[in-house]
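To start, the structure under review is shown below, and the notes come after it.
Scope of the values below: all heavy atoms of this structure, side chains included, with no hydrogens, waters or symmetry mates. Each chain gets a letter, A, B and so on, in the order the sequences are listed, and its residues count up from 1. Note that the coordinates shown come from a computational prediction; the quantities given were computed from them, not determined experimentally.
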There are 2 protein chains.
Amino acid sequence: MVTSRDVARLAGVSQSTVSYVMSGRRSISEETRRRVEAAIEQLTYQPNAGARALASQRTQVIGLVIPFAPGVEPSGLLPFIETIASCARAEDHDVILVTADEGSAGLTRLAGRRLCDAIVMMDIGAEDARIPVAASLDVPVILIGVPDDSAGLHCVDVDFDSAGRLAVEEMVAAGHEKVVVIGYAPAVIERNVNYVKRFLGGTASAAVLHGIGHEVVAPDATGREGARGAVRKALEIAGSRPGLILPNSEVQTPHVLQALLDHGLVPGRDVSLVGLCTDAVAETSTPQVTNVSLEPRDVSRRAMSTLFRLLDRRDDPAAELVELVTPRLTRRETTLAVP
Amino acid sequence: MVTSRDVARLAGVSQSTVSYVMSGRRSISEETRRRVEAAIEQLTYQPNAGARALASQRTQVIGLVIPFAPGVEPSGLLPFIETIASCARAEDHDVILVTADEGSAGLTRLAGRRLCDAIVMMDIGAEDARIPVAASLDVPVILIGVPDDSAGLHCVDVDFDSAGRLAVEEMVAAGHEKVVVIGYAPAVIERNVNYVKRFLGGTASAAVLHGIGHEVVAPDATGREGARGAVRKALEIAGSRPGLILPNSEVQTPHVLQALLDHGLVPGRDVSLVGLCTDAVAETSTPQVTNVSLEPRDVSRRAMSTLFRLLDRRDDPAAELVELVTPRLTRRETTLAVP
DNA sequence: TTGAAAGCGCTAACAC
DNA sequence: GTGTTAGCGCTTTCAA
């Protein structure tokens with residue numbers, strides 16, 4: 001193994017100089033820097049992560065706790081993972097992965113063994129048992145999602161309340177007098193995640209504000225049959241010119257579109273449909289779905305920037321604990337033109 | 001921070017005894033073990049990973065290189081990640097994540113900085129530029145997927161050749177005289193992955209063997225429209241009683257089923273359809289799809305067991321370099337009954 | 001069956 | 001601007 005001593009010897013400097021060249025924590029003459037860098041290059045030296053962590057008390061690793069649901073495909077988890085990994089790499093950090101099935105044990109291990117400098121935890125339940133544990137760790141923890149009580153932890157999430165409001169406003173603009181929200185499947189409800197009530201609260205209060213009707217029908221399953229049933233119920237309730245809002249659109253969109261077509265209804269002509277999904281999904285459906293954006297990449301980036309702010313102790317105490325990413329509505333083909 | 005010295009002090013033993021109690025690498029009297037374990041418990045001691053790695057030259061971390069495709073959702077990546085993480089935890093190891101967009105740099109970093117003891121690399125191209133780099137590292141590397149030249153590295157994958165054969169044999173059993181394979185979308189072809197030719201080779205040679213017709217139609221896109229077009233072409237080619245084989249069924253299945261229904265054809269009555277997908281996907285479609293299993297969890301488990309065999313230096317040199325997991329056909333609702 | 005002590009490779013005072 | 005040196009917390013000889 002090539003060590004910094006080898007580099008020092010080859011460059012004719014002390015080991016600490018090599019360290020300082022790499023960290024830039026003190027000024028180095030141009031000549032010395034050149035020689036050290038040449039030696040590093042020549043030996044293809046890379047610092048030993050364990051030794052560095054031990055000496056510096058910094059692992060340069062971020063812990064990431066992802067949901068774990070064998071059988072179920074938690075759609076759209078990958079963009080989070082990818083973005084978090086990218087942001088970490090941009091600051092010369094790596095990502096160590098822990099699955100949620102470990103529960104709090106994963107958290108205490110990450111922190112207790114000093115496997116990472118900070119933790120990002122996803123898929124936060126409203127009353128998540130891991131929150132108090134996370135709050136007691138001596139590494140910073142960022143939540144993606146907002147629990148009922150964040151116990152002083154930083155949270156980042158989409159502003160689902162605004163998302164609901166935007167969707168309703170689009171329906172109002174399209175001239176609908178009633179919106180039906182095709183709610184969340186039982187599996188999602190069971191997970192007791194906060195965004196469900198936040199989104200439905202957003203649609204409900206916006207509907208009141210604009211004086212239009214508001215109903216929620218919950219699919220009794222995921223997949224095609226669930227969507228079909230929910231659409232049928234929604235159409236019964238809605239009467240003519242229904243305005244449909246579809247929260248969990250990532251997976252549901254194609255099924256709901258198909259169900260509408262089966263009823264002889266063309267979205268954008270006979271009904272309006274506003275989805276809550278990423279722009280990518282909205283653009284690739286046929287027809288393209290008017291959507292309120294749900295951008296995992298934006299959320300992840302915000303989380304990571306907050307995290308590094310905390311790590312660098314540029315810890316602005318004025319910073320908000322809960323950061324909500326404002327969604328954006330993009331009108332595409334599935335909403336009626338303004339009458 | 002609680003260190004092993006604190007534990008030693010509290011238990012009234014030396015630091016090395018604490019270490020040996022934890023590792024079990026030498027015999028300890030019952031009495032001493034009890035005292036040490038009590039102290040560990042009382043102080044909630046956890047060993048410092050960096051220090052341990054430095055002293056023992058073992059990080060207890062597995063590097064995992066996953067594909068990176070922003071925009072595209074690489075369906076079915078999660079089961080791999082989850083299973084690999086689980087298997088790692090079962091051996092008290094953690095997983096550090098690297099995305100493929102780093103290319104070879106990710107590999108050299110993992111090995112050079114001693115961030116992990118072994119590497120699992122996914123999404124292997126037929127002529128993957130990372131293979132020679134991986135082969136030159138001083139940590140073991142396991143590939144999930146088989147490149148043209150594995151450079152002596154261990155590979156684990158589904159036996160796509162057998163998968164193709166099984167699908168054709170089911171069609172023969174159902175009395176078809178011609179099979180049409182709805183091939184891979186251009187995006188998959190471009191990635192130049194070996195399993196495409198292995199699967200199509202499997203169907204082709206089995207068709208020859210059984211003396212039945214064999215055609216391949218490639219969808220010109222992913223998603224609904226691609227599936228629709230491919231099904232139309234397939235039906236034109238196939239004539240009556242077509243037997244359709246669908247390799248990339250994870251994402252395509254619902255679209256293909258819908259396209260068939262649009263043509264007034266009921267799978268299992270008018271046409272046969274054999275998918276290549278996980279049992280979970282096959283079971284949850286309507287109708288349930290007869291499938292050749294593609295079980296990421298099995299593949300991942302095999303990869304991890306090979307990996308730990310290598311790490312434990314129970315390195316059986318007789319072990320095969322390429323391990324192919326044999327798929328299994330399950331007859332469900334989409335194949336015709338034997339006439 | 002146990003302890004003492006060296007050293008893994010690095011960083012960061014402290015010295016000059 | 002650079003070198004010397006004392007650890008970081010653990011494992012593992014070596015010695016008893």
When you match B/Leu54 and B/Ser23 each to their closest nucleotide on DNA chain D, which lands nearer the 5' end?
B/Leu54

Mark yes or no for a side-chain to base donor-acceptor pair under 3.5 Å between B/Arg26 and C/dT1, with no hydrogen or angle criteria applied.
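Side chain to base: no pair below 3.5 Å.
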
Separation of [N] [atom2] from [X] [atom1] (nearest whole Å):
| X | N | atom1 | atom2 | answer |
| --- | --- | --- | --- | --- |
| B/Gln60 | D/dC10 | CD | C1' | 13 Å |
| B/Met22 | D/dT12 | CE | C1' | 16 Å |
| B/Arg9 | C/dG3 | CZ | P | 14 Å |
| A/Tyr20 | C/dG9 | OH | P | 20 Å |
| A/Gln15 | C/dA13 | CD | P | 16 Å |
| B/Leu115 | C/dC10 | CG | P | 13 Å |
| A/Asp6 | C/dC8 | CG | C1' | 14 Å |
| B/Glu30 | C/dT2 | CD | C1' | 16 Å |

N-O pairing of A/Arg34 and A/Glu30 below 4.0 Å:
no

I'd like to know if A/Asp92 pairs up with A/Arg89 as an ion pair, taking the criterion as any Lys NZ or Arg NE/NH1/NH2 lying under 4.0 Å from an Asp or Glu carboxylate oxygen.
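A/Arg89 and A/Asp92: salt-bridged.
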
Establish, with yes or no, whether the OP1 or OP2 oxygen of [N] is under 4.0 angstrom from a side-chain nitrogen or oxygen of [X].
| X | N | answer |
| --- | --- | --- |
| B/Tyr45 | D/dC10 | yes |
| A/Ser4 | C/dC10 | yes |
| A/Thr17 | D/dG3 | yes |
| A/Ser19 | C/dT11 | yes |

With respect to the side chain of [X], which nucleotide from [options] is positioned closest?
| X | options | value |
| --- | --- | --- |
| B/Ser27 | C/dT11, C/dG9, C/dT1 | C/dT1 |
| B/Ala55 | C/dC8, C/dA13, C/dG9 | C/dC8 |
| A/Ile28 | C/dT2, D/dC10, D/dT2 | D/dT2 |

Can you tell me how far CG of A/Leu78 sits from CG of B/Leu78, rounded to the nearest 0.5 angstrom?
6.0 Å

Counting any heavy atom closer than 4.0 Å, what does [X] reach on the DNA or RNA strands: base, sugar-phosphate only, or nothing?
| X | result |
| --- | --- |
| A/Ser16 | base |
| B/Ser29 | sugar-phosphate |
| B/Arg25 | sugar-phosphate |
| B/Val13 | sugar-phosphate |

Among B/Gln15, B/Gln46, B/Arg52, side-chain hydrogen bond (donor to acceptor under 3.5 Å, both in side chains) partner for B/Ser4:
B/Gln15

Run the side chain to side chain donor-acceptor pair (under 3.5 Å) check on A/Ser14 and A/Thr17 step by step: do they pass?
CA-CA 5 Å; A/Ser14 76; A/Thr17 297; 3.2 Å; yes

Any donor-acceptor N/O pair, B/Ser136 side chain to B/Val133 backbone, under 3.5 Å
yes

Want to settle it: does A/Arg5 or B/Ser14 sit nearer the 5' end of DNA chain C, counting the closest nucleotide to each?
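Result of the comparison: B/Ser14.
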
